[in-house]
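Here the structure is laid out as structure tokens; the discussion comes afterwards.
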There are 4 protein chains.
Amino acid sequence: MTQVTIWNEFRHERTDPHVAALYPHGMHATLAEGLARTGLAIRTATLDEAEQGLPETVLTTTDVLIWWGHLAHDEVSDALVEHVHQRVLDGMGLIVLHSGHYSKIFRRLMGTNCSLQWREADDRERLWVTAPGHPIVEGIGAYIEIEREEMYGEYFDIPQPETLVFVSWFTGGEVFRSGCCYTRGQGRIFYFRPGHESFPTYHHPEVQRVIANAVRWAAPATK
Amino acid sequence: MTQVTIWNEFRHERTDPHVAALYPHGMHATLAEGLARTGLAIRTATLDEAEQGLPETVLTTTDVLIWWGHLAHDEVSDALVEHVHQRVLDGMGLIVLHSGHYSKIFRRLMGTNCSLQWREADDRERLWVTAPGHPIVEGIGAYIEIEREEMYGEYFDIPQPETLVFVSWFTGGEVFRSGCCYTRGQGRIFYFRPGHESFPTYHHPEVQRVIANAVRWAAPATK
Amino acid sequence: MTQVTIWNEFRHERTDPHVAALYPHGMHATLAEGLARTGLAIRTATLDEAEQGLPETVLTTTDVLIWWGHLAHDEVSDALVEHVHQRVLDGMGLIVLHSGHYSKIFRRLMGTNCSLQWREADDRERLWVTAPGHPIVEGIGAYIEIEREEMYGEYFDIPQPETLVFVSWFTGGEVFRSGCCYTRGQGRIFYFRPGHESFPTYHHPEVQRVIANAVRWAAPATK
Amino acid sequence: MTQVTIWNEFRHERTDPHVAALYPHGMHATLAEGLARTGLAIRTATLDEAEQGLPETVLTTTDVLIWWGHLAHDEVSDALVEHVHQRVLDGMGLIVLHSGHYSKIFRRLMGTNCSLQWREADDRERLWVTAPGHPIVEGIGAYIEIEREEMYGEYFDIPQPETLVFVSWFTGGEVFRSGCCYTRGQGRIFYFRPGHESFPTYHHPEVQRVIANAVRWAAPATK
């Protein structure tokens, strides 16, 4: 059975009442509930736990790691980043969510700045599928609509994705490559844009579906 | 000097007064004027000329062929398509514009249906640059804005581009991969979305600039 | 359960005693035996059967089609090629073996000539893995060695593979991109080089393993 | 005029008489002579110079940087690597030669370990062209032959190249992806395998030709 670990910075939810109302037990808990329903083995981990939530025993037994970070990218230790990096090269899958684009681990794997344009508004977002037939969009139609989200816009400073699965449209006039597949070493990486902390995005069934699909796609071949 | 041939179906301009008003001598003439200013050697060719405008002597001396077609894709002879195909594989550059996505030559080079969603409205289009630093966007800022254009939307049934240079945003809620680079054999191919016949798109200086840049990118290395 | 159809031209085996000795019931039968052991549902089809082995009822119920052809590419009807093409774009997987590089269906999907260099000798071939961690090489080490095979050499006139899984080395001084992944529409395509009719290549356990892996990789996501 | 800076570790040539005999003024000097003949503006820089040869004034005025390192990757300062990295993302071209695969800057740009197999023998190497028509192989035939070279073999732990230009064959039974193109940010990167210090590889006219072509390909579009 594929072993998933959901890592969450888990700061916004403990300091901002608005975010806490949306995710009372943290975004990781909401994601864990959704994924567990699909028959995956789920653990969660957060930054302020011992060893930043990812002691060696956890990391070496994780098949797919999901990563949400925002305020505290710099607090993640370089040693942990190094360890996660080697685990990915050795075949562990990695799903990087939303503001995780700016995490140390994603920037290290990409080799670029991973910067982008953004606007904290309440744009409507439509994620159009540009790779129908790809395992990550199984069960998804022509697009996913999210009523209100933070805007992320191009230029997104990443290497051209090996497969571009989603492109987002935003009310305000922007587009964004919002579902991006990569391979590094033996590991598969999926960046998925949605999930600003102040919106209920991770309760959205199709967003949950994509993340579950991505876990299956990113799991090592031998699992 | 790079020898460019601009091929145009040239039917709308002769039958529709609205189009004729925008392009009195045909879209090919407007494009030719723009390109000539950048120091390229330009010829034009149209469907209703002898040998559909592309006799052997023209085709074999063309470094980069620009293609605009819409109503009459089926009238282009299979023999001509075969010849253009071989010329591309042998190194001739090819720039396919707008409704040329559905031409025999583009479908043959792509190996897919090349279908897409569309809506003849007067959406605003913004073409966001997703590959800054690429020769095709030299001199272009973060995006190109076109006041009114026909909408083309995903899913666009093409192989994933080798380099995705532009992604379009449309007022109505759609996105489109609107600048796509490919190599087939020794030839380079650029698909560029803008240019519905009922709008003055090919008078737009940045659209002209992109096409001129694309000609230089697609020209054989020995030129 | 994934439904596989193995299509074989099946001419060499009926006319050349040397080939018949290696594959008494045809290469398709040897491949079918190997794949059946891995728990896939297997059918076979050959060129000289009714409707060239692929009536509508067979084609529309095939999840992954395996294709071996050589002498008789031209005899495959254009209507059948058209049908297989649309099935691939709609999501059917396609595994093209060895001399199938020059089949109508592969050339149509690639958009190039698919020509290559070759020499009928008895070179030793080593297929080096260039994408460890890819599902197609599950269970395979650093390389596969084939004692005697026909040589195929570069330049192989194909679009750059989306993922290059194997590169072959040959005794005589050549290399070849011998395991190539593509997506066209919703369908996944894998080209795999080995399998000249006059060598016992399809009895090789690792060659069989790669083909079985490729079937699983190419199967539609909903299977 | 494109401004090229050739950076060389320049240690082997000063300590090993055999290497010194091949490159009396250093490999950078041999490369500089070859490139100067093609009309490029050339500077050289070496590790043991002030600021490791690349003070800010040099780096910010370099259009394309060529990098040869081997023994002393670790001595290159992190601050310099950071600076070169940002320059590449801002559009400076980078040509990484031979053992530079293991340099800090290449590993940082790739996001992988960049490890490979190797054997210090005197294999014959043939670099087969897999992208004819690409500007980097202008003037090169089907392959380049190098009489004696160190062997580098797969698996080479790099992201799949955006364009794979050369694949090497070695006498001993190995293959290697020996000419690899990437884009990171606005910068273009070319990895080129040949150039072990104990062989006269950089005197080889076709090797010089490829490097000169690569400089032109990697130069910023505005140059």
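Numbered from 1 within each chain, the chains take letters A, B, ... in sequence-line order.
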### Task
Would you please go through residues 173-194 of chain B and name the residues with a non-hydrogen atom below 4.5 Å from one of chain D, in numerical order?
B:G185, B:Q186, B:R188

### Message
If I compare all heavy atoms of D:P135 with all of B:A221, which pair ends up nearest, and what's the gap?
### Response
CA-CB, 3.9 Å

### Contact residues of residues 30-42 of chain B (partner chain D; heavy-atom separation under 4.5 angstrom)
none

